[in-house]
Amino acid sequence: MKGKKRQLHRSFRTQGFGDKMFDIVNYGLLGLIALCVLYPLYFIIIASFSDPVAINNGRVGFWPVGFNTTGYEKIFENMKIWRSYSNTIFYTVAGTGINIVLTMMLAYPLSRKKFFAKTPLMIFVMFTMYFQGGLIPTYLWINDLNLYNTPWVMVLLPAINVFNLIIAINFIKSNIPEELYEAAAIDGCSHIKFFARIVLPLSKTIIVVLVLYYGVAHWNEFMNGLIYLRDEGLYPLQLTLRNILLQNQASGLGDVDSIIEQQKAAELIKYGVIIVSTLPVLVIYPFLQKHFEKGVMVGSVKG
């Protein structure tokens, strides 16, 4: 790290005046953009620990005002949240595993030029990206498959995302040439062995990117649980947090003091559920950032 800093300082000293001004303006703009992106998240964190009255009066700026943990107490005193946390972890881990396996298995043949069904299969896949069956036919289909009100509907319904599939196809095309398979085929390697022993090990970067994309999508999944789950014991985290927020909103019944307290609690819970639902993803993301930066540049530079 120190060596990189020395190189940056050395290169900055050797630059001309115009280049230095460009770097200063560029870093300044990027810093301003980063501040605009990060401050709302920081505000949510300090607001979740502040007095609701101070938040509504605009007195919360950079530090919590009137330290308060009522929102988190209301959230975590509901025992359903721990069940929904375990449900979401299962949906995320199992669903992402199925996503990766199916996406890579479909991306490999579609990336090969000599695959005889490449064009019709690609047209079929792309068709599903633009046209869907609709809510009612999908609901009837899920019910006929006996997946309604089961945990597997959360795992199997979003099995393959076409956009992620296209990313995987482009990665394999760009990084695993046809000549590599031809060389392996001379030694008697089949497509299955080539996929398992060569394609997958060389696709670690894109697999990590797909894990991030699919994992975040499963973690934030809300609508499928709302439509296809009836048992509260199967609810994902986002749906349980939504119910907690609705339960603690002011109902308009009772005396004025109780209504005000309900409004204060609802204000804190609103910020608290955002932190509770996003914190695990924010903790994991830095460990995947290096691979994400590599994978997101796939196909951007052609030699």
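The two residues Met104 and Phe195 come nearest to each other via the heavy atoms O-CE1, 3.4 Å. Nearest approach of Arg83 to Gly233, heavy atoms of both residues: NE-O, 3.2 Å. Residues Gly215 and Thr96 share a closest heavy-atom pair of CA-OG1, 3.5 Å. The two atoms that bring Ala196 and Pro201 nearest to each other are O-CD, 3.5 Å, heavy atoms only. The shortest non-hydrogen separation linking Asn149 to Asp231 is OD1-N, 2.9 Å. Looking at every heavy atom in both residues, Leu229 comes nearest to Tyr235 through O-CE1, 3.8 Å.
Residues Met126 and Ile166 form a side-chain contact, since some pair of their non-hydrogen atoms from C-beta on lies under 4.5 Å apart. Counting heavy atoms from C-beta outward, Leu147 and Thr150 have side chains that approach closer than 4.5 Å. Here the side chains of Lys118 and Pro109 are not in contact, with every heavy-atom distance at 4.5 Å or above. Counting heavy atoms from C-beta outward, Leu226 and Arg242 have side chains that approach closer than 4.5 Å. By the 4.5 Å heavy-atom criterion applied to side chains, His191 and Tyr181 are counted as neighbours. The side-chain heavy atoms of Ser84 and Leu241, taken from C-beta on, include no pair separated by under 4.5 Å.
For Met105, the CE atom is loosely surrounded, since the number of other residues' heavy atoms within 6.0 Å does not exceed 12. Counted within 6.0 Å of CD1 on Ile192, heavy atoms from surrounding residues, nucleotides or ligands total 12 or fewer; the atom is thus considered open. Counting heavy atoms of neighbouring residues, nucleotides and ligands inside a 6.0 Å radius, atom CZ of Arg112 exceeds 12 of them. Summarising the local packing, NZ of Lys193 is surrounded by 12 or fewer heavy atoms from other residues, nucleotides or ligands at distances under 6.0 Å. Tyr130 OH: 12 or fewer foreign heavy atoms inside a 6.0 Å radius. By the 6.0 Å contact criterion, CD1 on Ile136 is open, its count of non-hydrogen atoms from other residues, nucleotides or ligands being 12 or less.
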Exercise. When you look at Leu237 and Ile81, which way does the side-chain contact (heavy atoms from CB on, under 4.5 Å) test go after all the steps?
Worked result: CA-CA 7 Å; Leu237 176 63; Ile81 193 172; 3.9 Å; yes
Problem set entry | side-chain contact (heavy atoms from CB on, under 4.5 Å) assessment of Leu157 paired with Tyr228 | CA-CA 10 Å; Leu157 186 59; Tyr228 302 113; 3.6 Å; yes
Problem set entry | Residue pair Lys173, Glu178: steps toward the salt bridge (charged side-chain N to carboxylate O under 4.0 Å, His left out) verdict | CA-CA 8 Å; Lys173 281 183 179 179; Glu178 293 283 346; over 6 Å; no
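Side-chain N/O atoms of Thr103 and Tyr214 include a donor and acceptor closer than 3.5 Å.
The six-membered or imidazole ring of Phe62 lies near that of Tyr39, with a centre-to-centre distance under 6.0 Å. The aromatic ring centroids of Phe49 and Tyr72 lie less than 6.0 Å from each other.
Ion pair Glu232/Lys80 flagged as a salt bridge, since at least one NZ, NE, NH1 or NH2 atom sits closer than 4.0 Å to an Asp/Glu carboxylate oxygen.
By the 30° and 60° cut-offs, the orientation of the rings of Phe90 relative to Trp152 is perpendicular.
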